[in-house]
**Student:** 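Take a look at the following structure, please.
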Amino acid sequence: MNKPITNVRITCRLLLLQEFDITIVDKSRKDNVAADFLSRLNIDENCIPTEDSFPDEYLFAISTYSPWYADIANYLAARKFPEYLSSKEKRKTIQQSATYTWMSWLPWPPWWIDGNLYHTGPDFQIRHCVREDEAFDILKACHEEPCGGHLTNKQT
């Protein structure tokens with residue numbers, strides 16, 4: 001922080017780092033063998049330079065993904081709603097959750113249903129709810145595995 005600043009990129013990074021309590025320790029070349037080796041490498045003319053300019057919106061972005069049934073599962077497991085839901089959305093979640101079951105623990109086998117959401121359809125079949133990212137792998141296993149494929153015209 002006490003060195004003169006001559007580069008805009010360094011200035012931006014220093015401003016971002018000011019809010020943290022950090023200490024930067026400079027090592028000599030003989031103590032830092034890996035950095036010394038990398039600094040002595042010959043760069044070919046055909047090498048593509050590394051892109052190290054990241055816009056701030058990508059550098060500090062955090063993305064989270066919640067499954068389609070997150071509100072229903074949270075309501076069934078804890079009987080609580082997220083703060084962002086309106087009263088209309090809360091009523092809709094309560095109505096939707098009537099046909100769902102959250103299995104948290106069973107004292108008898110099968111223990112594999114622990115912590116999963118199940119839906120009971122109008123035909124009284126119990127169906128395991130899966131995330132969108134799991135659906136493709138399930139379909140792939142049903143169609144491409146040795147026992148997969150369309151065995152009849154009614155079911156896979």
Side-chain angles (χ1 to χ4, degrees), residues 1-3 5-27 32 34-35 38 47-156:
M1 292 297 251
N2 52 9
K3 292 185 178 184
I5 300 170
T6 58
N7 189 345
V8 175
R9 185 181 300 158
I10 293 173
T11 305
C12 290
R13 292 196 177 141
L14 282 176
L15 290 173
L16 291 172
L17 291 174
Q18 278 181 345
E19 64 183 279
F20 302 104
D21 184 24
I22 61 169
T23 304
I24 299 173
V25 178
D26 186 28
K27 289 185 177 181
N32 199 349
L38 292 173
C47 287
I48 300 171
T50 304
E51 181 63 37
D52 64 347
S53 61
F54 298 107
D56 287 343
E57 61 267 11
Y58 294 113
L59 188 61
F60 297 111
I62 297 174
S63 60
T64 59
Y65 175 75
S66 59
W68 61 271
Y69 55 82
D71 293 335
I72 296 171
N74 288 337
Y75 173 70
L76 291 173
R79 296 288 185 211
K80 293 182 181 178
F81 294 106
E83 295 175 4
Y84 59 85
L85 286 182
S86 66
S87 60
K88 185 178 179 181
E89 291 172 326
K90 289 177 183 178
R91 265 186 272 126
K92 183 180 176 186
T93 302
I94 291 171
Q95 290 172 350
Q96 285 179 335
S97 67
T99 58
Y100 288 88
T101 305
W102 178 259
M103 301 298 252
S104 59
W105 184 77
L106 287 178
W108 66 90
W111 289 286
W112 52 269
I113 64 172
D114 182 32
N116 291 314
L117 185 69
Y118 293 89
H119 178 260
T120 305
D123 56 354
F124 300 106
Q125 292 288 322
I126 299 173
R127 294 173 178 88
H128 179 215
C129 299
V130 296
R131 299 185 315 265
E132 287 92 347
D133 59 332
E134 294 175 318
F136 179 75
D137 294 332
I138 293 170
L139 286 173
K140 185 177 177 184
C142 290
H143 286 274
E144 295 179 1
E145 296 297 318
C147 295
H150 293 279
L151 304 177
T152 66
N153 61 351
K154 294 184 180 180
Q155 64 183 2
T156 298

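Residue numbers count from 1 along this sequence.
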**Student:** Between atom CD1 of I72 and atom NZ of K92, what is the distance when rounded to the nearest 0.5 Å?
**Tutor:** 9.0 Å
**Student:** What closest approach, in Å, do W102 and L76 show between heavy atoms, and which atom pair accounts for it?
**Tutor:** CB-CB, 3.7 Å
**Student:** Rounded to the nearest 0.5 Å, what separates atom CZ in R79 from atom CG in N74?
**Tutor:** 12.0 Å
**Student:** Return the CD to CG distance between Q96 and D71, rounded to the nearest 0.5 Å.
**Tutor:** 9.0 Å
**Student:** Does CD1 in I126 sit with more than 12 non-hydrogen atoms of other residues, nucleotides or ligands closer than 6.0 Å?
**Tutor:** no
**Student:** For atom CG of D21, is the number of surrounding heavy atoms from other residues, nucleotides or ligands below 6.0 Å larger than 12?
**Tutor:** no
**Student:** Nearest 0.5 angstrom please: R131 CZ to D137 CG, how far?
**Tutor:** 10.0 Å
**Student:** Nearest 0.5 Å please: distance from the OG atom of S97 over to the NE2 atom of H119.
**Tutor:** 10.5 Å
**Student:** For the residue pair V130 and W68, what are the closest heavy atoms and their distance?
**Tutor:** O-NE1, 2.9 Å
**Student:** Enter the distance from Y75:OH to Y100:OH here, rounded to the nearest 0.5 Å.
**Tutor:** 14.5 Å
